[in-house]
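Both counts, for ligands and for their atoms, begin at 1 and track the order of listing.
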Amino acid sequence: MGAFFLAAEFHTNYSGTAFKVERVLYQEKSDYQDILVFETKDHGKVLMLGGAVMLTERDEFCYHEMLVHPVAQVVENLKKVLVIGGGDGGTVKRLLAYSDEIEKIDVVEIDDKVVEVCKRFFPELASSFNDRRVNIVAQDGMNYIATTSEKYDLIICDTTDPVGPAEVLYSRTFYEAIKKALNEGGIAVSQSESPFYHAETLGDLWHNAIKPVFSNAKLYLAFVPTYCNGLWSFAVMSESIDVEAAPLKRREKLTDCRYYNEEVHRAAFKLPEFVKKIVKDMPVYY
Ligand code: SAM
């Protein structure tokens, strides 16, 4: 086998996930992060930001379906949605399955370069931004949520890891502002990292930012192959709805799902013992 390039994400300083690069399609440093798009045999096109996998064409459905449908299926009203981050369009694409109810989706993405690059290389996701309900705000999500007077039925935090521009989005201040921006009966959900490789990050987010603010918060899991070897967590918060047990209200919208269904919804909240331990007690830092 001749020489070839590898693109790798390190989950710790010592191990990670590697991709054999067929072709680099885009590489640039924006005002916020390194942006890399490359072609692979196994996963189609891949987007990496700051050396972390954001999406691959092959498995993005796992993450985006499991970020959106568990909350969109059970929330009472689904008129106004806020997405913080989400610059690749995968979250908005899944939200538009509910476009007969949704009146407005505000997407607060700090880096407009990510939107531009994803419109170019991932149009099957980012073309969702062209929908008339979608309003893209190029702003820091912390700054937006702390200053907006808007109220939302659903708030989805689809951001990068807690380093660099996203670090502020893992704070108690951020979640206090999220709570203020939710309508009565509203729900918030955040991607909350790998419970296997990032137990202390998840524990810190859970015990120091989310649980002190939301009495009714739950963690659920999904398999996202290219995210830290697959096990990924999501934190869901509401003052009035038990997302795990609440009845699905919009089943007819699930025709295109390749991951989500009602059984998966219920099962996603069943946690392995080591994850239960993280949400029960703050993990000991290694
Ligand atoms: N699914 C991915 C994950 O779980 O890591 C997230 C994908 S999405 C591309 C992440 C987006 O969050 C990036 O486009 C990044 O620019 C954006 N972001 C990071 N920090 C932000 C902040 N403070 N405010 C708004 N957007 C932010």
(request) Write out the residue and atom name of the closest protein heavy atom to atom 8 (S) of ligand 1, then the distance separating them to 0.1 Å. (result) D158 O, 3.5 Å

(message) Before you tell me yes or no, could you show the steps for D59 and T226 under side-chain hydrogen bond (donor to acceptor under 3.5 Å, both in side chains), namely the whole-Å CA-CA distance, both residues' side-chain angles and the distance that decides it to 0.1 Å?
(response) CA-CA 7 Å; D59 71 354; T226 57; 2.7 Å; yes

(request) Output the list of atoms in ligand 1 that are nearer than 4.0 Å to some heavy atom of G86, sorted by atom number. (result) 8 (S), 11 (C)

(request) Using a 4.0 Å heavy-atom cut-off, say whether L49 meets ligand 1 through its side chain, its backbone, both or neither. (result) side chain

(message) Looking at E184 and K151, is there a salt bridge between them, counting it only when a charged N and a carboxylate O are closer than 4.0 Å?
(response) no

(message) So if I count the atoms of ligand 1 from 1 in the order they appear, which ones are less than 4.0 Å from some heavy atom of G85?
(response) 11 (C), 12 (O), 17 (C), 26 (N)

(request) Work out whether the distance between some heavy atom of Y32 and some atom of ligand 1 is less than 4.0 Å. (result) no

(message) Between D111 and K113 (salt bridge meaning N to carboxylate O under 4.0 Å), is one present in this structure?
(response) no

(request) Could you find the nearest protein heavy atom to atom 26 (N) of ligand 1 and give me its residue, atom name and distance? (result) I110 N, 3.2 Å

(request) Provide the number and element of each atom of ligand 1 under 4.0 Å from a heavy atom of G141. (result) 22 (C), 23 (N), 24 (N), 25 (C)

(message) Would E167 count as a contact residue for ligand 1, given that I'm defining contact as a non-hydrogen atom of the residue lying under 4.0 Å from a ligand atom?
(response) no

(request) Below 4.0 angstrom from a heavy atom of Q139, which ligand 1 atoms are there? Numbered from 1 as shown, please. (result) 24 (N), 25 (C)

(message) For H69 and Y98, I'd like to know if the aromatic rings sit close, meaning centre-to-centre distance below 6.0 Å.
(response) yes

(request) Please identify which atoms of ligand 1 are closer than 4.0 Å to at least one heavy atom of D88. (result) 7 (C), 8 (S), 9 (C)

(message) Which label fits Y152 and Y144: parallel for a plane angle under 30°, tilted from 30 to 60°, or perpendicular past 60°?
(response) tilted

(request) Consider ligand 1: state whether an atom of it lies below 4.0 angstrom from any non-hydrogen atom of Y144. (result) no

(request) Please check if the distance between the ring centroids of Y197 and F10 is under 6.0 Å. (result) no

(request) Report yes or no: does M54 have a heavy atom closer than 4.0 Å to ligand 1? (result) yes

(request) Using a strict cut-off of 4.0 Å, indicate which atoms of ligand 1 neighbour a heavy atom of V114. (result) 14 (O)

(request) Identify the protein heavy atom lying closest to atom 15 (C) of ligand 1, giving its residue, its atom name and the separation to 0.1 Å. (result) E109 OE2, 3.4 Å

(message) Between K45 and E22, does any side-chain N to carboxylate O distance fall below 4.0 Å?
(response) no

(request) Answer yes when K253 and D100 have at least one side-chain N-carboxylate O distance shorter than 4.0 Å, and no when they do not. (result) yes

(request) State whether K29 and D34 are salt-bridged, where the test is any N-O pair (Lys NZ or Arg NE/NH1/NH2 against Asp/Glu carboxylate O) under 4.0 Å. (result) yes

(request) For D140, counting its heavy atoms only, list the atoms of ligand 1 lying under 4.0 Å from any of them. (result) 22 (C), 23 (N), 24 (N)

(message) At less than 4.0 angstrom from any non-hydrogen atom of Q33, what atoms of ligand 1 do you find?
(response) 15 (C), 16 (O)

(request) Inspect the contact between K277 and E273 and indicate whether a charged nitrogen and a carboxylate oxygen are less than 4.0 angstrom apart. (result) no

(request) Kindly write out the residues that satisfy side chain to side chain contact (heavy atoms under 4.5 Å, CB included) with D242, not counting sequence neighbours, or none if the list is empty. (result) K218, E244, A245

(request) Could you find the nearest protein heavy atom to atom 19 (C) of ligand 1 and give me its residue, atom name and distance? (result) T160 OG1, 3.1 Å

